[in-house]
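Structure record follows, encoded as structure tokens.
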Amino acid sequence: MSNAQGHIVSVKGLKKTYDSVEAVKGIDFSVSKDELFGLIGPDGAGKTTIFRILTTLMFPTEGSANIMDLNVVSDYKKIRNHLGYMPQRFSLYQDLTVEENLEFFARIFGTTIEENYSLIKDIYVQIEPFKTRKAGKLSGGMKQKLALSCALIHSPEILILDEPTTGVDAVSRKEFWEMLIRLKEKGITILVSTPYMDEANLCGRVALIQNGEIMSIDTPQKIIENFGRKLWAIKSDNIYQLIQDLKTDNRIHTVFPFGEYLHITVKPGYDDLKGLAPELNRMGHSGVKIQEIEANIEDCFMELMQ
Amino acid sequence: MRKIKYILQKEFIQVFRDKTMLPMILGVPIIQLVILVHAATLEMKSIDMYVIDKDLSSMSHKLINKFDGSPFYNINGVSFSLDKALETLEKNKTDVIVQIPYGFERDLIRENETEVQLLIDGINGTTASLINAYSSAVISGFNRNIMVDLTQMPSVANLEPINIETTYWYNPELNYKIYMLPGILVILVTMISMFLTAMNIVREKEVGTIEQLNVTPIKKFEFIVGKLLPFMVIALFELAFGLAIGKFFFHIPIVGSLGLLFGFTVVYLMVVLGIGLFISTISSTQQQVMFIAFFFMLVFILMSGIFTATESMPPWAQKVNIINPFYYFMRVIRMILLKGSGFRDISYEFFSLLIYGTIMLSLAVWKYRKVA
């Protein structure tokens, strides 16, 4: 049930204003069937607002959004049958057990655990030993698995996950993304938002979003290819002084701290940075290292923010 | 419709899993009924009286003995000094001072009239007027007897052409408990149902589970029925439990039909649950619910006629009582339990609440839509 272009989600000119604040400033995007689509952006970029509109929890101020050719405003009741939503905050019943939560959400969607067990099996087996434990007493990673199970129990065509990995440890994050990829292979269209740039590479396509506007939509590879500049990583023993010095250097286009290195790009015509290291040494820096590197999504994001 | 069953099932699991819930449902009625019914009494017992007898005659002794012999009075001091007496009044040790002037007996015999002074502590207007009434009754009783003594006639009292005999219907002994218990039951049932409903829905908002519910295809009507029904059941249970306590411990009469009482309660609960639901739609934290619900409860209870007759309130207050659900239920529960009123007698209250409940529930449902 997708439209002529094969889009399962299509958003056109979507705007949302809270009082005088424009949280989403007229965005367009579409998601095809079986895609793993990521909304990547910092806190306050408008990711949650977009998801709340798509999940029919909120009306847009302007523009339209369709899910499987159903309008989020006029057909909201029908849409709810096709959606699985996992909000940012754990929002299951803390005083019900794991099993009771799952059972409840299955029942109110008019189904049973048994009917769709195959879909959640991989995830649920990990928490099944604790099925008589109250949801409030689970660890963070297990809560997340339970929330995902509950969002999937009615076998939705589309799964919308709002920052599912925020506040989760590195191992659980990796596991979680593996689960998402397996779900995608089972034919579920997934929309996921995250503030972590490194997770962008795991998505089929991503939208980089900042201040309620989409800066770029493409596959992670294309976005990196489109970076279009040379990028260097540079470090010295006095990294703070290095930032100050590079920022005042008029050959340098951008400087961003990136772990122990600084990532820098240069203005056109200054592509050769061989002379930079000796220059910095003369300015009193020691331990200077410069190497040319491949851009990653975060570099692209920073570049687009300019 | 089957979804309602699962919502109900979930609600009951949550209610009974809540550790404070069962003690509240069972403990609150026992404590409220046992303590309040005994404590909130308007009967005056052990009125502390200070006596200033400047006459020291046989007549004045007779009067004082009258007070002393009454179960209501407790003579806690005797002296000739008004200052000493007033001092005990100021220290809250005395409720009333009776002052018998010098020449009390003489004036009574010679001039056929004399004076006695009562000084009553007026801090609490209700008790003061009660003490006044009791003391006046004692003195007038004394008055009648001395007429007999002095005139040496068989009994003037028996010569009264019209003998007034007072009988109080529906509560012949004017037993205060019988009057108070149904009133306290009303408060109990209302409190449990209104607070629990409003708190329950707001908790779903606070925890965020309402979001998760809103993305499911549950219909609004299913959600609301699923939310209100458990508390209606609990409130009806409270009523039954409270009535049982009243029957077995306080021996309150249950003259009317219990079926009618419970039927009326269901209509009444529609109003209360509607108000509870409405409060939950306009608040976002349990704290807000507490304050708003508490405000309404306090105003409604004080105006309901639990302690004072609503008929003696100023006309504007009686008009305000039209929107006071307590007012209707307070009347009806007493009418059914004590008087045995039938449906015809309470039909005005019944239909008023039916309309009120419909309005309140529709308002709450309409408001809930805007929030969801």
Side-chain angles (χ1 to χ4, degrees), chain A residues 48 51-59 67 72 75-97 99-113 132 134-137 143 146-151 153-154 156 158-162, chain B residues 1-25 196 199-227 229-231 281 284-286 365-372:
Chain A
T48 300
F51 278 179
R52 285 175 59 88
I53 292 171
L54 288 179
T55 50
T56 73
L57 288 171
M58 192 188 264
F59 289 159
I67 288 182
V72 289
D75 308 314
Y76 72 96
K77 279 186 182 155
K78 286 182 197 155
I79 287 180
R80 290 178 179 179
N81 280 308
H82 303 292
L83 274 184
Y85 174 49
M86 188 173 146
Q88 191 171 352
R89 192 160 66 125
F90 179 72
S91 44
L92 298 177
Y93 294 97
Q94 314 251 0
D95 48 353
L96 295 185
T97 64
E99 202 178 21
E100 283 164 351
N101 265 299
L102 197 60
E103 175 84 23
F104 175 68
F105 283 101
R107 288 298 189 179
I108 57 175
F109 275 103
T111 177
T112 56
I113 299 179
T132 55
K134 285 181 194 162
K137 298 254 190 292
K143 273 184 183 167
L146 175 60
L148 184 60
S149 302
C150 287
I153 192 62
H154 59 290
I158 304 170
L159 186 59
I160 295 183
L161 308 133
D162 193 3
Chain B
M1 280 306 277
R2 277 180 60 233
K3 285 175 190 163
I4 293 180
K5 192 184 118 196
Y6 297 110
I7 300 174
L8 286 176
Q9 186 184 332
K10 182 214 103 190
E11 291 299 331
F12 276 113
I13 292 177
Q14 286 186 302
V15 165
F16 290 112
R17 194 162 286 169
D18 189 335
K19 286 200 179 65
T20 58
M21 209 62 160
L22 272 184
M24 219 152 81
I25 293 174
L196 290 187
M199 296 283 249
N200 181 285
I201 297 175
V202 169
R203 196 173 60 181
E204 295 237 11
K205 277 194 201 172
E206 275 186 342
V207 181
T209 45
I210 200 115
E211 290 265 278
Q212 199 69 267
L213 278 183
N214 284 342
V215 294
T216 67
I218 298 185
K219 291 188 186 70
K220 188 175 303 108
F221 126 86
E222 292 169 328
F223 176 76
I224 285 171
V225 171
K227 279 292 183 194
L229 211 54
F231 299 108
T281 59
S284 43
T285 64
Q286 298 193 43
V365 170
W366 168 77
K367 186 86 181 136
Y368 175 75
R369 173 179 320 181
K370 292 186 93 177
V371 173

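Letters A, B, ... mirror the listed sequences (proteins, then strands); counts begin at 1.
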- Are Asn81(A) and Thr216(B) close enough, and set up right, to give a side-chain contact (heavy atoms from CB on, under 4.5 Å), and what steps lead you there? CA-CA 7 Å; Asn81(A) 280 308; Thr216(B) 67; over 6 Å; no

Heavy-atom distance under 4.5 Å to chain B: side chain of [X], backbone, both or neither?
| X | answer |
| --- | --- |
| Leu83(A) | neither |
| Phe104(A) | side chain |
| Lys78(A) | neither |
| Gln94(A) | side chain |
| Phe90(A) | backbone |

- Heavy-atom pair with the smallest gap, counting every atom of Lys10(B) and Leu96(A): CG-CD1, 3.6 Å

- Please name the pair of heavy atoms, one in Val215(B) and one in Tyr85(A), separated by the smallest distance, quoted to 0.1 Å. CG1-CD2, 3.7 Å

- Item | Contacts with chain A made by residues 12-23 of chain B (heavy-atom distance under 4.5 Å), listed by residue number | Ile13(B), Gln14(B), Arg17(B)

- Turns out that what part of Glu204(B) lies under 4.5 Å from chain A's heavy atoms comes down to side chain

- Verify the distance criterion only: is there a donor paired with an acceptor across the side chains of Gln212(B) and Tyr93(A) at less than 3.5 Å? no

- Carboxylate-amine/guanidinium contact Arg52(A) Glu211(B), below 4.0 Å: yes

- Query: In Å and rounded to the nearest 0.5 Å, what is the NZ to OG distance from Lys205(B) to Ser91(A)?
  - Reply: 15.5 Å

- Could you tell me the separation between the CG atom of Asn214(B) and the CG atom of Leu57(A), rounded to the nearest 0.5 Å? 6.0 Å

- Task: Under 4.5 Å, counting heavy-atom pairs only, tell me which of Lys134(A), Glu103(A), Met58(A), Met86(A) racks up the most with chain B.
- Result: Lys134(A)

- Item | Ile7(B) backbone acceptor or donor facing Arg107(A) side chain under 3.5 Å | no

- Highest number of heavy-atom pairs under 4.5 Å with chain A among Leu213(B), Ile4(B), Ile210(B) belongs to Leu213(B)

- Non-hydrogen side-chain atoms of Arg203(B) and Asp95(A) separated by less than 4.5 Å: yes

